[in-house]
> 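Please read through the structure below; I'll follow up with questions.
So that the names make sense, note that chain A is the first sequence line, chain B the second, and so on, each numbered from 1.
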Amino acid sequence: MFLSLRTEVEDALHGALGTLDLPTDDLGIEEPPEDVDAVLASSVAYRLAGEVGAPPPKVAADVAAEIDPDDYDYLGDVTTQGPYVNFLPSERYFAGTLEAGQDEEFGRLEDTGDSVVVEHTSANPTGPVHVGRARNPIIGDAIARILDFAGNDVETNYYVNDAGRQIAVFTWAYETFDEADLPEPERDSPEYDLVRYYRKGNAYLENADAEDVEEAEAEIQAILQGLEEGDDDVYDRVSEVVDTVLDGMVGTLGRLPAEFDEFVKETRFMRDGSTDDLVDRLQDLDEAVYEEDAWQLDFADIEKNLVFLREDDTSLYTTRDLAHHEWKFDTFDRAVTVLGEDHKLQADQLEAALDLLGNDTSQLRQVFYSWVNLPEGGMSTRKGTGVDLDDLLDEAIARAREEVESRLDSRLRDDDLDEDDVERIAEQVGVGAVRYDIVSKQPTKGITFEWERALDFEAQSAPYVQYVHARACGILDEAGEDATSNLDADLLDAPAERDLLRTIARFPAVVEEAADELQPHLVATYTREFAETFNTFYRECPVLTADDEHRREARLALVAAARNTVGNALGILGVAAPESM
RNA sequence: GGGCGUGUGGCCUAGUGGAUAGGGCGAGGGGUUCCUAACCCCUCGACCGCGGGUUCGAAUCCCGCCACGCCCGCCA
């Protein structure tokens, strides 16, 4: 409804300004502050005051006078408040919202017909997923969900770096060291098992005698060489390590939950010849130069050259990533990548190179986030510093369980929760809190990890919003099946009811904006506002004990719309929506 | 040194040109014979990093400076 009303307001303003013979290039449409009784407003009068030669309030009044609300469905009234033109909703706006909200899929936008690949996480398969990188799957998964809800055909990809030096070191270490010399694994899972070899290998390369290191380096180089030449035997050896570790990491990511439709391996673009073809095309570019024994791209706008081929004709990571992205462009309509801020320069070079190669880079959007650091510094898989995501999730669930149990005694509601419920709620709340904490902030803001903060269940956190969903479900559950037959929005005339309807009405617009801007935190902000509005309604408007039957039914319909809205909003964020808690 | 990003009450955060800067944590006070108190209400607390500029209007745009983070490998 909000989107329709916005279109109507645009039409109305456009028409009014046209009639008054004023410019229509900037309509100044905005959302008014909370205490203003309008859904949309325009500050256009400020801008036109000089042109008209009249004070802004006069201009606003003239503009408002040109608009007849009767010409529109959802526009109920046009008023002015000083220099602002305010647009109030009609009864049909509320009725339409109440009706649209009954759909369990409320908020889902029309199909765009676009296929979009969302690449996220793509962490090197070298060991357990740690919290430093946890922002990537959480933001990436939320973006994928938003794009899906906004009507796109979404596929999630994890790009697997299985061709680099770190992987060669890992393979060498795995084949060289003896399990007996390693510490006990921290967990009974393959990535915790294998990372011990990786750490041992790296320590060896740092500390062993020069002669021994040289010998090890030769073996590592042989592995890299084998990969470059497409040696099947080497590929199989590397794959064993990569696939095993990746399998474990995927298990952890699945707890968030973050899932992937496809794992795209870097070696794929070496083995199918596309990297070689790409190198040929790069060499033909005017910007390609051979300097300091390597082929480089000399960009006009980027100071740093991109080396794409070594003296010995071997390719580099970014060269393969170029082939990877051309594959994306061939396969999908649009591509979104979620990357750590440390990849910014490389991402700019990638985009510039793709552009030089004749690709339409407007198909590509790259979203950056900054690392989660510890108070004492960054986290590293190689060094083994940092907090494992598994540990964070376990701790979150354990603390959530304590909360659930401590609340059992003081519960007003006598709906005996059994052990399965406690387990379920602890999981939903614990994991949800971690996810919500990350997804609700702007990705570019730095985060320093602190246990107390990450595991705070109070107020602006997942459980606050989840609780609203549970409350709504509780009411509907109590009321039974056929409760939502009466959609008479006229009966919902209390301020709290109107506010709730207005908030519900905005949801599709929030989805649209979050999808356009690839900003999941907009949805999180919305859920918070939604929860506040719902809680006011909950306090002031009894549903099951409403004073007459019609009002009760209308309120039940409103609660159903609220449940669908908040449930879908949480769904977009990848946070569970509990039916009871 | 250069590039990119961030800077909002003691702490965390929303708001990126328009109506008294919105929340939360914290501190203090209040609310449950009534659909879940993981809730609600009240009070306390902000020269929006600093200095200039543009504009009728700036947390938001421009310039300079400061602080912090990331990057500036023929690593990935």
Side-chain angles (χ1 to χ4, degrees), chain A residues 28 30 32-36 41-47 49-50 55-56 81-84 86 122 124 126 161 163-167 266 292-296 302-305 307-312 314 316-318 320-321 340-346 348 368 370-371 373 378 400 403-404 406-407 410-415 425 429 437 440-442 444-448 450 452-453 456-468 470-479 521-522 524-525 528-529 531-532 535-536 538-546 552 555-556 559 580-581:
Chain A
E30 60 201 54
E34 220 172 293
D35 56 330
V36 173
S42 171
S43 58
V44 73
Y46 280 115
R47 243 149 292 153
Q81 192 168 333
Y84 294 95
N86 289 334
S122 302
N124 289 353
T126 51
N161 303 156
R165 177 183 156 80
Q166 290 309 316
I167 294 304
E266 190 177 346
E292 292 170 28
D293 299 324
W295 278 95
Q296 319 194 359
I302 302 173
E303 211 161 308
K304 187 77 194 161
N305 279 9
V307 174
F308 64 87
L309 195 67
R310 297 190 184 92
E311 187 184 16
D312 62 1
T314 56
L316 289 90
Y317 172 83
T318 307
R320 293 167 226 134
D321 205 19
E341 61 179 342
D342 53 332
H343 285 64
K344 190 76 169 61
L345 173 62
Q346 186 236 319
D348 287 344
F368 297 92
S370 58
W371 300 113
N373 287 321
E403 286 290 328
V404 178
S406 75
R407 284 166 207 274
S410 54
R411 269 177 96 80
L412 291 173
R413 190 181 171 87
D414 56 348
D415 58 344
I425 295 165
V429 168
D437 184 54
S440 60
K441 290 172 180 145
Q442 293 197 61
T444 44
K445 286 208 176 214
I447 296 182
T448 301
E450 287 162 60
E452 317 80 67
R453 189 162 294 149
D456 183 8
F457 298 147
E458 296 294 309
Q460 288 189 348
S461 65
Y464 177 68
V465 180
Q466 290 174 316
Y467 189 58
V468 164
R471 275 181 152 176
C473 287
I475 293 172
L476 294 169
D477 182 51
E478 200 102 348
H521 84 274
L522 296 176
T525 302
R528 242 178 2 236
E529 292 167 8
E532 278 171 34
N535 283 328
T536 300
Y538 186 90
R539 185 183 71 244
E540 293 182 7
C541 304
V543 178
L544 297 173
T545 56
R552 176 185 139 103
R555 283 183 178 168
L556 278 169
V559 171
S580 68
M581 63 185 278

> Using the C1' atoms only, state how far B:rA38 lies from B:rC44, rounded to an integer number of Å.
25 Å
> Please name all residues satisfying side chain to side chain contact (heavy atoms under 4.5 Å, CB included) with A:Asn86, sequence neighbours left out, ordered by chain then number.
A:Val36, A:Ala38, A:Ala41, A:Thr79, A:Gln81, A:Tyr84, A:Leu88
> If you check the A:Met581 side chain, which of B:rA38, B:rU20, B:rG24 turns out closest?
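Side chain of A:Met581 sits closest to B:rA38.
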> Who are the side chain to side chain contact (heavy atoms under 4.5 Å, CB included) partners of A:Tyr538, not counting sequence neighbours?
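In terms of side chain to side chain contact (heavy atoms under 4.5 Å, CB included), with neighbours along the sequence ignored, A:Tyr538 is linked to A:Arg471, A:Ile475, A:Phe534.
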> For the pair made of CZ in A:Arg555 and P in B:rC35, what is the distance, rounded to whole Å?
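So the CZ-P distance, A:Arg555 to B:rC35, works out to 15 Å.
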> Mind checking side chain to side chain contact (heavy atoms under 4.5 Å, CB included) for A:Glu529 and listing every partner two or more places apart, or none if nothing turns up?
A:Arg506, A:Thr525
> Restricting to non-hydrogen atoms, name the atom on A:Ser440 and the atom on A:Arg528 that form the minimum distance, rounded to 0.1 Å.
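Closest approach of A:Ser440 to A:Arg528: CB-NH1, 4.4 Å.
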> Looking only at atom P, what distance separates B:rC40 and B:rG23, rounded to whole Å?
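To the nearest whole Å, 12 Å.
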> Would you call A:Cys541 and A:Arg555 a side-chain contact if the rule is heavy atoms closer than 4.5 Å?
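The answer is yes, as the side chains (C-beta and beyond) meet within the 4.5 Å cut-off.
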> What residues form a salt bridge (Lys or Arg N to Asp or Glu O under 4.0 Å) with A:Arg47, not counting sequence neighbours?
A:Asp26
> Starting at the 5' end of RNA chain B and moving along, which residue's nearest nucleotide shows up first, A:Phe457 or A:Ala41?
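Nearest nucleotide further toward 5': that of A:Ala41.
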> With C1' as the reference atom in both, quote the distance from B:rU16 to B:rA58 in angstrom, rounded to an integer.
10 Å
> Report which part of the nucleic acid A:Asp321 touches: base, sugar-phosphate, or nothing (heavy-atom distance under 4.0 Å, all strands).
nothing
> Considering only atom P, compute the distance from B:rU60 to B:rG17 and round it to an integer number of Å.
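About 11 Å, rounded to a whole number of Å.
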> Give me the distance, rounded to whole Å, that separates B:rG64 from B:rG26 when you measure between the C1' atoms they each carry.
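That atom pair is separated by 37 Å.
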> Using a 4.0 Å heavy-atom cut-off across all strands, classify A:His343 as base, sugar-phosphate, or nothing.
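Base contact.
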> Taking the side chain of A:Arg310 as heavy atoms from C-beta outward, which of B:rA14, B:rC75, B:rA38 is closest to it?
B:rC75
> Reckon A:Glu34 touches a base, only the sugar-phosphate, or nothing at all at heavy-atom distances under 4.0 Å?
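The answer is nothing, as A:Glu34 stays clear of every strand by at least 4.0 Å.
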> A:His521 side chain: which of B:rG15, B:rA38, B:rC75 is closest?
B:rG15
> Please confirm whether any donor atom in the side chain of A:Asn86 sits under 3.5 Å from an acceptor in the base of B:rA19, or the reverse.
yes
> Taking atom C1' in both B:rA37 and B:rG31, compute the distance separating them and give it to the nearest angstrom.
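Going atom to atom, C1' in each nucleotide, I get 10 Å.
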> What's A:Tyr46 touching, base or sugar-phosphate or nothing? Going by heavy atoms closer than 4.0 Å.
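Base, at least one base atom sits under 4.0 Å.
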> What is the base-pairing partner of B:rG1, counting Watson-Crick and G-U wobble geometry with both distances under 3.5 Å?
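By the stated definition (distances under 3.5 Å), B:rC72 pairs with B:rG1.
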> OH of A:Tyr538 versus P of B:rU32: gap in Å, rounded?
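Spelled out: OH on A:Tyr538 to P on B:rU32 is 16 Å.
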> In whole angstrom, what separates A:Glu450's CD from B:rC11's P?
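That distance rounds to 12 Å.
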> Can a side chain N or O of A:Asn535 be found less than 4.0 Å away from OP1 or OP2 on B:rC39?
no
> Tell me which nucleotide, if any, is Watson-Crick or G-U wobble paired with B:rA14 when both distances must be under 3.5 Å.
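Paired with no nucleotide.
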> B:rC39 phosphate, OP1 or OP2: any side-chain N/O from A:Arg407 under 4.0 angstrom?
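For B:rC39, OP1/OP2 do not have a side-chain N/O of A:Arg407 under 4.0 Å.
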> Summarise how protein sits on nucleotides 2-7 of chain B as a single string, 5' to 3': B when a protein heavy atom is under 4.0 Å from the base, S for sugar-phosphate-only contact, - for no contact.
S-SSSS
> Considering only atom P, compute the distance from B:rG5 to B:rG9 and round it to an integer number of Å.
22 Å
> Expressed in angstrom and rounded to an integer, what is the separation of A:Arg471 atom CZ from B:rC39 atom C1'?
4 Å
> Distance from A:Leu309 atom CG to A:Asp293 atom CG, nearest 0.5 Å?
12.0 Å
> Name the closest nucleotide to the A:Lys441 side chain, picking from B:rC40, B:rG69, B:rC12.
B:rC12
> Say we look at B:rG49 and B:rA21: how far apart would their P atoms be, to the nearest angstrom?
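Straight-line distance between the two P atoms is 15 Å.
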> Which nucleotide, if any, forms a Watson-Crick or G-U wobble pair with B:rA27, using both distances under 3.5 Å?
B:rU43
> B:rA14 C1' sits how many Å from A:Glu532 CD, rounded?
11 Å
> When you measure from the side chain of A:Thr525, which nucleotide among B:rA76, B:rA38, B:rA14 comes out closest?
B:rA14
> Once side chain to side chain contact (heavy atoms under 4.5 Å, CB included) is applied, do any residues pair with A:Leu316, and if so which ones, sequence neighbours excluded?
A:Val307, A:Arg310, A:Thr319
> Could you check whether A:Val429 gets within reach of a base, just the sugar-phosphate, or nothing at all, counting any heavy atom under 4.0 Å?
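The residue A:Val429 makes base contact.
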> At under 4.0 Å between heavy atoms, what does A:Ile447 touch on the DNA or RNA strands: base, sugar-phosphate, or nothing?
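If one applies the 4.0 Å heavy-atom cut-off, A:Ile447 turns out to touch nothing in the nucleic acid.
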> Look through every strand shown and name the nucleotide pairing with B:rU60 as Watson-Crick or G-U wobble, where both distances are under 3.5 Å.
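B:rU60 is unpaired by these criteria.
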> Of A:Arg47 and A:Val404, whose nearest nucleotide on RNA chain B comes first from the 5' end?
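Its nucleotide being nearer the 5' end, the pick is A:Arg47.
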> Let me know the distance between CD of A:Glu529 and C1' of B:rG24, rounded to the nearest Å.
13 Å
> How many Å lie between CZ on A:Arg528 and C1' on B:rA38, as a whole number?
16 Å
> Tell me if a side-chain donor or acceptor on A:Ser370 pairs with a main-chain N or O of A:Lys445 at a distance below 3.5 Å.
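Answer holds: yes.
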> Do A:Tyr317 and A:Arg165 have side chains that approach each other closer than 4.5 Å (heavy atoms only, starting at C-beta)?
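A:Tyr317 does not reach A:Arg165 side chain to side chain.
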> Rounding to a whole Å, what distance do you find between A:Asp342:CG and B:rG73:C1'?
14 Å
> Could you work out which one of B:rC35, B:rG23, B:rA76 sits closest to the side chain of A:Val543?
B:rC35
> Is any side-chain heavy atom of A:Val429 closer than 4.5 Å to a side-chain heavy atom of A:Glu403?
no
> Watson-Crick or G-U wobble partner for B:rA67, using a 3.5 Å limit on both distances?
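Here B:rA67 is engaged in a pair, and the nucleotide opposite it is B:rU6.
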